[in-house]
**Q** 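Let me begin by handing over the structure; questions about it come next.
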Amino acid sequence: MDSPVTEADLTFGHVPETDQSFETALEKARNGDRLTVEDAIELLTTGTDDEGIDRRRKEAVLEAADRRRAEVVGDEVTFTANINNNVTTACNVGCLFCNFKDAAYTFERDADVETAGFTKTPAESREIVRDAVERGVYEVCSVSGLHPAFALDDEHREILEVHPNPKEVSYRPPEIYETSPSTYVDQISAMSVDGVHVHSMTPEEAYHARRGTDWSYEKVYRRLKEAGLDTVPGTAAEILVDEVRDVICPGKIDTDGWLEAMEAAANVGLGLTATIMYGHVENEAHRALHLKRVRDLQERVDGAITEFVPLSFVHQNTPLFEHDVVSGGPSTDEDELMIAVSRLFLDNIDHVQSSWVKYGDEQGLKMLNCGADDFMGTILSEEITKRAGGDYGEYRSFEEYVEMIASIGRIPVERSTDYEKRRVVDPDDPPFGPQLGPKADGTPLLESKEQRAPADD
Ligand SMILES: C[S@@+](CC[C@H](N)C(=O)[O-])C[C@H]1O[C@@H](n2cnc3c(N)ncnc32)[C@H](O)[C@@H]1O
Ligand SMILES: Nc1c(NC[C@H](O)[C@H](O)[C@H](O)CO)[nH]c(=O)[nH]c1=O
Ligand SMILES: N[C@@H](Cc1ccc(O)cc1)C(=O)O
Ligand code: SF4
C-alpha cells in the first residue's frame with residue numbers, strides 16, 4: 001500500500017498552543033480545580049513556552065497526580081481475574097495503527113492464500129470461557145475484528161441478506177467463509193457461562209451490529225444486554241478528534257458516533273470504560289480535547305464510566321510505522337504525563353488503569369505512582385499488542401500481582417469489572433488465587449512463570 005501521507009505532511013487545525021501558563025495550570029491541578037483544555041495542554045507539554053519536555057516540570061505534574069490519586073482512591077491497587085477472548089481477526093476497516101486484523105478475503109473457503117488469522121464459533125468461545133471460569137476467572141473481555149459475516153442476530157442477518165448493496169454495508173454471507181462467527185447475540189450468550197461478566201461490544205462493533213438498518217444504538221445494546229452483555233469496553237475511541245481519526249482510522253465511526261454509542265449503552269443500563277490510544281500522529285491539543293470529551297460524556301452518563309485506560313500506541317508492525325507516517329510510539333515521558341494528566345483532568349472518573357500489556361511490569365508499576373490505581377487483569381492471552389509488535393507478554397498471575405504491588409508499598413486488591421466487589425489480598429498469606437468469581441476458590445490461576453505452557457490463542 002502506498003501511504004498518502006508522511007509525518008512531515010501532517011498539518012492539523014488543533015495545535016498545542018495556549019494563552020495559559022504552565023505554572024497557573026499546575027497551581028490549578030494542585031488545588032483540585034477543574035482543568036480546562038488549555039490547562040491540560042500546558043501540563044501535557046510541560047509548558048508550551050518551550051520545546052520538548054522539561055523534566056523538573058514533569059516531576060511536578062506526576063507528583064500532583066500521585067497526590068490526587070491518594071486522595072481519591074487511597075493506596076489500593078486493583079486488578080481482576082479476566083480472560084481475553086477475541087472472536088475473529090477478520091476485519092476490513094483498515095485502521096492504520098492496527099495489526100490485529102487480517103483481510104477478510106483470506107478467511108474465504110476458496111481463498112488462494114492461507115489466512116494468518118482465526119475465527120471462533122460460539123461453541124469454541126464458550127469452551128474457552130468455560131475453561132477459564134473453572135480456573136477462577138470471572139470476566140471475559142471480548143473485542144474482535146468486524147467480520148463481514150457478523151450480524152447482530154437472525155433478524156439483522158435477514159435484512160443484510162436482502163440489502164441492495166451488500167458491499168456498501170460490508171456484508172458477506174457466512175457460507176463463503178471457512179468458519180462463521182455466527183451472530184453477536186450468539187457469541188455473547190455463548191460466552192455468558194456460569195455468571196461470568198461479559199465485557200464486550202465496543203462502539204465500533206455496535207455500529208457493525210446495526211449496519212444497513214435504521215436501528216438505534218439503544219436497540220442494539222438492549223438486545224445484547226438481554227443476551228448476557230454486562231459492560232462495554234470503551235475502545236475504538238483512539239483519539240476523539242475527527243481530524244486525527246481521518247488520518248489513522250478513516251473507516252471508523254466518527255467522534256460523535258462513538259459518543260452516541262457509549263451514551264446509548266449507558267442509557268440501557270450497561271457500565272462503561274473509556275480509553276485513549278495515543279502517541280502516533282496526534283499532538284497534545286488532541287489528547288487534551290479527547291480528555292474533555294470523555295469528561296463531558298461521564299457527566300451525561302451519570303458516572304457510568306468506571307475507569308479510564310490510556311493505551312500507549314505500539315508502533316512496530318503497524319501500517320503507520322511501516323509507511324513512515326510515524327517514526328515510533330510515545331516516549332516514556334509522554335506515557336507518564338498521559339497517565340498523570342488523565343488523573344488530574346478526569347475529576348469525575350475514579351480509576352485510571354496502568355496497562356502492563358503496553359508498559360511492561362517495571363514501567364507499569366511506575367505508573368501507579370503517576371496517578372494510576374488499577375493494574376488491569378490476568379487476561380491469560382493477548383493478540384492485539386502482540387501482533388502490533390509489543391514486548392510484554394500475555395498474562396500475569398495473582399502471585400505476580402501481589403508481589404509487584406507489595407514491592408511498591410501499596411495494597412493489592414482483587415476487584416470485579418464494575419468495581420462493586422473488592423477483596424484486599426494479604427501479601428503474607430499465600431497462595432494467591434482469585435476469590436470473587438462464581439468458581440473462584442483461591443486456587444492460583446496459573447503456576448509460576450517457569451511452569452507455564454505457552455498460550456495457544
Ligand atoms: C483491535 S480493536 C478490536 C475491536 C474493534 N475492532 C474496534 O476497533 O473497536 C481494539 C482496540 O485496540 C487498540 N489497538 C489496536 N492496535 C493498537 C496498537 N498498535 N497499539 C495500541 N493499541 C492498539 C485500539 O485502541 C482499538 O480500538
Ligand atoms: N483487558 C485489557 C486489555 N486487554 C488487551 C487488549 O485486548 C488488547 O490487546 C490491547 O490492550 C488493545 O490495545 N488491555 C488493556 O490495556 N487493558 C485491559 O483491561
Ligand atoms: N479492558 C479495558 C481496556 C481494553 C479493552 C480491550 C482492549 O482491546 C483494550 C483495552 C476496557 O475495559 O476497556
Ligand atoms: S482497530 Fe478494530 S476496526 Fe480497526 S482495523 Fe483493527 S480490528 Fe479492525
Side-chain angles (χ1 to χ4, degrees), residues 78-104 117 137 139-148 150 170 197 199-209 231-240 245 248-253 257-258 261-262 273-280 290 306-322 326 329-330 351-359 364 367 372 374-390 392-396 415 417 457:
T78 46
F79 54 93
T80 183
N82 66 350
I83 181 179
N84 278 345
N85 179 50
N86 310 113
V87 170
T88 177
T89 58
C91 192
N92 287 337
V93 177
C95 304
L96 280 82
F97 55 80
C98 178
N99 193 43
F100 169 74
K101 60 184 187 277
D102 295 290
V137 159
E139 171 198 305
V140 52
C141 172
S142 181
V143 298
S144 305
L146 289 310
H147 195 301
F150 248 142
S170 180
H197 183 108
H199 183 57
S200 187
M201 298 303 294
T202 74
E204 192 66 32
E205 294 178 292
Y207 174 77
H208 200 59
T231 50
V232 170
T235 47
E238 323 314 358
I239 295 287
L240 292 169
R245 302 179 84 73
I248 64 166
C249 51
K252 264 198 157 108
I253 53 176
W258 187 89
M262 291 282 277
T273 63
T275 64
I276 180 171
M277 205 267 300
Y278 66 94
H280 35 84
H290 180 107
T306 48
E307 66 170 344
F308 186 66
V309 189
L311 298 170
S312 185
F313 173 53
V314 178
H315 67 280
Q316 285 88 335
N317 303 332
T318 65
L320 280 180
F321 180 63
E322 284 167 356
V326 300
H351 304 287
V352 176
Q353 183 179 110
S354 165
S355 172
W356 58 254
V357 195
K358 302 292 194 264
Y359 303 125
M367 295 311 194
D374 181 66
F375 211 11
M376 215 179 110
T378 52
I379 73 170
L380 303 194
S381 73
E382 205 287 327
E383 287 295 331
I384 300 171
T385 302
K386 185 168 73 182
R387 284 172 163 235
Y392 300 119
E394 304 203 272
Y395 41 57
R396 295 295 175 275
R415 66 156 169 99
T417 311
D457 176 335

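Quantities reported herein were computed from a predicted structural model and do not represent experimental measurements. We count residues from 1, following the sequence as given. First listed ligand is number 1; within each ligand, the first listed atom is number 1.
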**Q** What's the separation between atom CH2 in Trp258 and atom CZ in Arg245, rounded to the nearest 0.5 Å?
**A** 8.5 Å
**Q** Return yes when Lys358 approaches ligand 1 closer than 4.0 angstrom through a heavy atom, no otherwise.
**A** yes
**Q** Side chain, backbone, both or neither: which part of Val314 has a heavy atom under 4.0 Å from ligand 1?
**A** both
**Q** At the 4.0 Å heavy-atom cut-off, does Gln353 count as touching ligand 2?
**A** yes
**Q** If you count the non-hydrogen atoms of other residues, nucleotides and ligands that lie under 6.0 Å from OH in Tyr207, is the total more than 12?
**A** no
**Q** Atom 16 (O) of ligand 2: which of Gly377, Ser355, Ala388 has the nearest heavy atom?
**A** Ser355
**Q** Quick one: do Glu383 and Arg387 make a salt bridge, cutoff under 4.0 Å?
**A** yes
**Q** Given Asn85, Asn84, Val143, Thr417, which has its nearest heavy atom closest to atom 1 (N) of ligand 2?
**A** Asn84
**Q** Quick check: Ala237 and ligand 1, any N/O pair under 3.5 Å apart?
**A** no
**Q** Measuring from non-hydrogen atoms of Cys91 to any atom of ligand 1, is the shortest distance under 4.0 Å?
**A** no
**Q** Against heavy atoms of Phe97, which atoms of ligand 4 measure under 4.0 Å?
**A** 1 (S)
**Q** If you measure only the distance, is there a donor-acceptor pair under 3.5 Å linking the side chains of Asp374 and Thr78?
**A** yes
**Q** Report the part of Ala388 in contact with ligand 1, treating N, CA, C, O as backbone and CB onward as side chain, heavy atoms under 4.0 Å; options are side chain, backbone, both, neither.
**A** side chain
**Q** Is it the side chain, the backbone, both or neither of Ser312 that has a heavy atom closer than 4.0 Å to ligand 1?
**A** backbone
**Q** Heavy atom under 4.0 Å from ligand 2: found in Ile379's side chain, backbone, both, or neither?
**A** side chain
**Q** Of the backbone atoms (N, CA, C, O) and the side-chain heavy atoms from C-beta on, which set of Thr318 has a member under 4.0 Å from an atom of ligand 1: side chain, backbone, both, or neither?
**A** side chain
**Q** Quickly, which of Thr231, Thr80, Asn82 forms a side-chain hydrogen bond (donor to acceptor under 3.5 Å, both in side chains) with His197? Name it, please.
**A** Thr231
**Q** Would you mind reporting whether Arg396 and Trp356 have side-chain heavy atoms less than 4.5 Å apart?
**A** yes
**Q** Find all atoms of ligand 2 within a distance of less than 4.0 Å from any non-hydrogen atom belonging to Glu382, and give their numbers and elements.
**A** 5 (C), 6 (C), 8 (C), 9 (O), 10 (C)
**Q** Going by the closest heavy atom to atom 8 (O) of ligand 1, which one wins out of Glu204, Glu238, Lys252?
**A** Lys252
**Q** What I want to find out is whether Glu238 reaches Lys252 closely enough, with some N-O distance under 4.0 Å, to be called a salt bridge.
**A** yes
**Q** Can a non-hydrogen atom of Asn82 be found less than 4.0 Å from any atom of ligand 2?
**A** yes
**Q** Going by the atom numbers of ligand 1, which of them fall below 4.0 Å from some non-hydrogen atom of Met277?
**A** 21 (C), 22 (N), 25 (O)
**Q** Using a 4.0 Å heavy-atom threshold (strictly under), name the region of Leu146 that reaches ligand 1: side chain, backbone, both or neither.
**A** side chain
**Q** Give me the residue, atom name and distance of the protein heavy atom closest to atom 1 (S) of ligand 4.
**A** Lys252 NZ, 3.3 Å
**Q** Using distance alone, with no hydrogens and no angle criterion, decide if Ser144 and Asn86 have a side-chain donor and acceptor under 3.5 Å apart.
**A** no
**Q** Could you walk me through whether Thr273 and Glu307 pass the side chain to side chain donor-acceptor pair (under 3.5 Å) check?
**A** CA-CA 5 Å; Thr273 63; Glu307 66 170 344; 5.7 Å; no
**Q** Quick one: does Glu394's side chain have a donor or acceptor within less than 3.5 Å of a partner on Glu382's backbone?
**A** yes
**Q** If the contact criterion is a heavy-atom separation under 4.0 Å, does Pro233 count as touching ligand 1?
**A** no
**Q** Does Gly145 reach ligand 1 with a nitrogen or oxygen that is under 3.5 Å from one of the ligand's nitrogen or oxygen atoms?
**A** no
**Q** With rounding to the nearest 0.5 Å, note down the distance linking NE2 in His199 to OG in Ser142.
**A** 10.5 Å
**Q** Any sub-3.5 Å donor-acceptor pair from Asn84's side-chain atoms to Ser381's backbone N or O?
**A** yes
**Q** What do we get for Thr385 next to ligand 2 when only non-hydrogen atoms under 4.0 Å count, side chain, backbone, both or neither?
**A** both
**Q** Could you enumerate the protein N, O or S atoms under 2.8 Å from atom 8 (Fe) of ligand 4, written like residue then atom name?
**A** Cys91 SG
**Q** Heavy atom under 4.0 Å from ligand 2: found in Lys386's side chain, backbone, both, or neither?
**A** neither
